[in-house]
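A, B, ... follow the sequence lines: proteins, then strands. Residue 1 opens every chain. When reading the values below, keep in mind they use all heavy atoms of this one structure, side chains included, and skip hydrogens, waters and symmetry mates.
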Amino acid sequence: MSVGGSTAAGTPEGALPGPTAPPTPGATPATALKKGRRPNPRIAQFKRTWYFLSRNTLALIGLAILIFFIGVALSQFVPTAHPLPKDSLQLYCGTYTGEGGGNFQQLSPGECNVVCTYASNTAPTAPNCYAVDPLNPANVPPTDNLAHLAGGPLPLGSLTISSDGNLFYSIYDGFLVGAQWSLFISVTIVLAGAGIGLALGALAGYLGGYVDEFIMRITDIFLSIPGLLLVLVVLAAIGHLFSTLEGRVGILIGAFIVVWWPGYTRVVRGQVLVTREQKYVEASRASGAKTGRIILHHIVPNSLYPVFVQLSLDVGAIPLLIGGITFLGYQIFPTVYFPEWGTMSALAITILPSALTACQIATAGSPCAFPWWQLLFPGLIVFMFAIAVNFLSDGLRDAFDPRLRR
Amino acid sequence: MRMWIYIVRRLLLLLPVIIGVMTITFVLISTLSTTEKLESYYGPSKYGYAPTIDCPPPSTQQCPNPAYVRGVHALGLNQPIYVQWLQYMKNSLTLNWGDTDHGSKASGTLLGGSSLPVTTVLSYYLPYTLELATFSLLLILAISIPLGNYSAVYRNRPLDQATRVMSFSGFALPGFLLALLLLLGATVLAGQFTQICNGQATPYFQFYGSWPPNACYPSGIPPTWIGTYSQTSPTGFPTIDALIHHNWFLAWESVKRQILPAITIAYGSVAGILRFVRNSMLEVMNLDFIRTARSKGVAESVVIRKHAGRNSLNVTITVLGLTFAGFIGGFAIIEDVFGLKGIGLLLAYSIQPSIDFGLVFGTTLLFTIIVVAANIIVDILYAYLDPRVRLG
């Protein structure tokens, strides 16, 4: 093996320690710099993180699921012949009229499709008919049998949204359209919360003293109120001022930001307390950099990683919390059937008992089919999203934290 | 520093937090209009609380609304904002949190349509929540400490991975969904959707509600000390009350009815604690004294249990305090699903159909006090357990 051969290969690892090409002080500085150039430390760190992340199976699974969800959200921007409405789902409605496969009657013309039912062993009576349980027409089971459908969207499993059991929408539509809203709401909340937390935490941690004391005491106050409660209280107090879609979504995001920033502030401050003692910060201070510059260029970029982990963890929790609030009976969005994953999963549970009761009354006590998909699929969507995010964030934490890598 | 000085100091530091929380609720209340405040305080009125109403028939002009004028003066709503704030503080600190409203389900369903002082109502419902919290806490500790220790010892083995997935699923599963699934599972496993009590089919889930339906009592009627809202029981803690009354049936029933809620709560919050136990255990396992213990020939199980486990406990206790805020917030949902008469249910019912502000803010304040108190207890425990901690 020859030393010259390895240098000729031109790998940076081979070039740097090689005795054949030492960066002599007398040589032209530009070429010396170019030759011995190390990769940008942040890119190097990213590569390192990615390396550790890619060895973590669970994190990769999480990443894959997350990319799928993002793809679903983005796919809604692709123009199609039958675009789904963005803010309200198509409702299917009707009343049960006859025995053994009666028709649904259209309730409000122009808004709902006429949906008729027929027992699955008989022939469809008209186009747009879905094979459903004649005893319980609101429950359209998940199906991929498109044979008898002349047109119109197929409700891939229904979600009953009225307690009398005759108003429902497609869970599949809710999943598609909800992807946009859920991701948008979660990411906005978390980014805004992290932004505020980063600014305040960096200030508190770096400046210390009274500023630190002041900011952290306020943070403590916010942190001592249970999160779900604080969202609920904020929404209860100022939610009624808004009735439009934009207003309702805006106030929801605002209420969550109020809850979210203190956690980030605390995390960032803890990290900044470590960062500010580093040599490079000292060097920067010694060379006369102003406080603002130090915070912006040194403290904040180097305190980002715990924020990143926390951020990825929190994105998944937001649909769960929104579901919790909906479950408690607070109507967050202007319409009950607003396509959002958390709302959807909560709706399935709040409506189910009354819909079952209504069905039993309508069918004079005979047992109604239990619509298992109404519980399973909305819950599964929220669950998959949250768990994917958790896997990824756990992988990130392991990858960022050198103590856990071993 | 002496321990009692530390405790007193921590208690004094509690004051600004409580004042801060009350200020937040005050700011939120300030966004309500005067009319809404009056309506919330006095309940619905025939003429409403608008500043002006139509004058009596001969005149077609607007006259000042007497209800509005009277209310504004009585509540001091015409005072400057800082005077109102001081008044609010004084009332809050003296536990004068107003009366419950008629508009919400809390008043209609839980209180029988009557209006009671918020403080009284909360004092009826608080013990139940505390008992449930204690059960859940015990369950969380019983699950997370051994599992966390084992997954640290058997790091990256199948057991660790399984624990990891399990704890994540607890984090990702919505509480209401898990609660309902448990309820369904329990009823299906019990083999019946209706409970047969004294020969009668009772259409309730078997594990639903804080007390069994009337027909299920051995005598057919519930004991008199279980009131609907005015608890005539001595302590308010259901199991303890039943034991005091020597009612073994009810004591067992009340424990049984808290098993599923406790599992739901524990499953949701074990995730975070388990991770912390595991990580702190991993850190402790690499310390010198563990190596010393091993090299002097102490059995591995003793090393793990006595040397490492004991030392990683400190971190666990800290985390437990931090997660307490998270898990007590979930009580509203859990108690709503299981129909348990705690402050969570009170909160859940007080926001629909119309919002009972007195009850909502009162509950929030109470929850906050519980969380802060838990944090202080944890800090004191931490200082007691770990002699290296500086009291300051």
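Only the side chain of A/Leu232 comes within contact range of chain B, with heavy atoms under 4.5 Å apart. Proximity to chain B (any heavy atom under 4.5 Å) is shown, for A/Ile387, by both the backbone and the side chain. B/Ile369 does not touch chain A: none of its heavy atoms, backbone or side chain, sits under 4.5 Å away. Contact of B/Val17 with chain A is made through backbone and side chain together, with heavy-atom distances under 4.5 Å. Proximity to chain A (any heavy atom under 4.5 Å) is restricted, for B/Leu32, to the side chain, taken from C-beta onward. Both the backbone and the side chain of A/Ala346 come within less than 4.5 Å of a heavy atom in chain B. At a 4.5 Å heavy-atom cutoff, the contact between B/Ile333 and chain A is made by backbone and side-chain atoms alike.
For the set B/Ile18, B/Leu181, B/Val337, B/Val27, the entry with the most heavy-atom pairs within less than 4.5 Å of chain A is B/Val337. Of the listed residues (A/Val382, A/Asp394, A/Leu375, A/Leu58), the one with the most heavy-atom contacts under 4.5 Å to chain B is A/Asp394. If you tally non-hydrogen atom pairs under 4.5 Å between each of B/Thr31, B/Leu347, B/Thr368 and chain A, the highest count goes to B/Thr368. Across B/Ile24, B/Val372, B/Val360, the residue that shares the most heavy-atom pairs under 4.5 angstrom with chain A is B/Ile24.
Few gaps surround CE on B/Met89; more than 12 heavy atoms of other groups in view lie less than 6.0 Å from it. Under a cut-off of 6.0 angstrom, the local environment of CZ in B/Phe276 is sparse, with at most 12 non-hydrogen atoms contributed by other residues, nucleotides or ligands. Heavy atoms from other residues, nucleotides or ligands lying under 6.0 Å from CZ of A/Arg217 number more than 12.
A donor-acceptor pair under 3.5 Å is formed between the side chain of A/Arg248 and the backbone N or O of A/Gly239.
Side chain to side chain, B/Asp356 and B/Tyr349 fail the donor-acceptor criterion of an N or O pair below 3.5 Å. Side-chain contact annotation: A/Thr326 with A/Gln331, donor-acceptor N/O pair under 3.5 Å absent.
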For residues 167-178 of chain B, run the donor-acceptor check on the side chains, cut-off 3.5 Å, and write out each pair with its distance to 0.1 Å, sequence neighbours left out.
| from | atom 1 | to | atom 2 | distance (Å) |
| --- | --- | --- | --- | --- |
| B/Ser167 | OG | B/Thr163 | O | 3.3 |
| B/Ser167 | OG | B/Arg164 | O | 2.9 |
| B/Ser169 | OG | B/Met166 | O | 2.7 |
| B/Ser169 | OG | B/Tyr267 | OH | 2.8 |

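Residues meeting the ring-ring contact (aromatic ring centres under 6.0 Å, His included) test with A/Phe256, sequence neighbours left out: A/Trp260.
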